[in-house]
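Values in this document were obtained by computation on a predicted structure and should not be read as measured data. Worth knowing before you read on, the calculation uses all heavy atoms, side chains too, and leaves out hydrogens, waters and symmetry mates.
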Amino acid sequence: MKKIIIGLTDKQYEELESLINRTHQTDLENETLSGYALHLNHTPIDSWLEFESNGITDLGPVNWEIE
């Protein structure tokens, strides 16, 4: 199986973890299953990661690779 590996800074990791936890908590409180999406965006010049759940949060530039 191939893997997509996305490198995050400590700050990006903490923000992503917080966003995921808040989404889970909101789903539990509202008895919903809204979920979330991660968008890996890439141009020939730059790559960045976005978190989507009731809006989009730009997590900033990332390094990534396919193994």
| So, for Ser34 and Thr23, which heavy atoms are closest and what is the spacing to 0.1 Å? | OG-CG2, 4.4 Å
| message | Looking at every non-hydrogen atom in both residues, tell me the closest pair between Gln12 and Thr9 and how far apart they are. | response |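 Answer, listing the atom of Gln12 first, then Thr9: OE1-N, 2.8 Å.
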| query | Do any N or O atoms from the side chain of Ser18 and from the backbone of Glu14 form a donor-acceptor pair under 3.5 angstrom? | reply |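 Flag not set: sc Ser18 to bb Glu14 has no pair under 3.5 Å.
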| query | Do other residues, nucleotides or ligands put more than 12 heavy atoms under 6.0 Å from Asn30 CG? | reply | yes
| said: Which Ile, Leu, Val, Met, Phe, Trp or Tyr residues join Leu33 in one cluster when any pair of side-chain heavy atoms under 4.5 Å counts as a link? | reply: none
| query | Listed by chain and number, what are the side chain to side chain contact (heavy atoms under 4.5 Å, CB included) partners of His24, not counting sequence neighbours? | reply | Ile20, Tyr36
| request: Look at the side-chain heavy atoms of Ile, Leu, Val, Met, Phe, Trp and Tyr, link any pair under 4.5 Å apart, and say whether Ile6 and Leu38 land in one connected group. | output: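 Yes; tracing contacts between hydrophobic side chains, which count when under 4.5 Å, links both residues.
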| same_hphob_cluster(Leu8, Trp48) at 4.5 Å side-chain heavy-atom cutoff |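 The answer is no; the residues belong to distinct hydrophobic clusters.
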Enter the distance from [X]:[atom1] to [Y]:[atom2] here, rounded to the nearest 0.5 Å.
X: Tyr13; Y: Glu15; atom1: OH; atom2: CD; value: 13.5 Å
X: Glu50; Y: Leu16; atom1: CD; atom2: CG; value: 12.5 Å
X: Thr32; Y: Asp27; atom1: OG1; atom2: CG; value: 4.0 Å

Using distance only, find each side-chain donor-acceptor pair of residues 57-67 under 3.5 Å and give its atom names and separation, not counting sequence neighbours.
{"from": "Asp58", "atom 1": "OD1", "to": "Gly60", "atom 2": "N", "distance (Å)": "2.8"}
{"from": "Trp64", "atom 1": "NE1", "to": "Ser47", "atom 2": "OG", "distance (Å)": "3.0"}

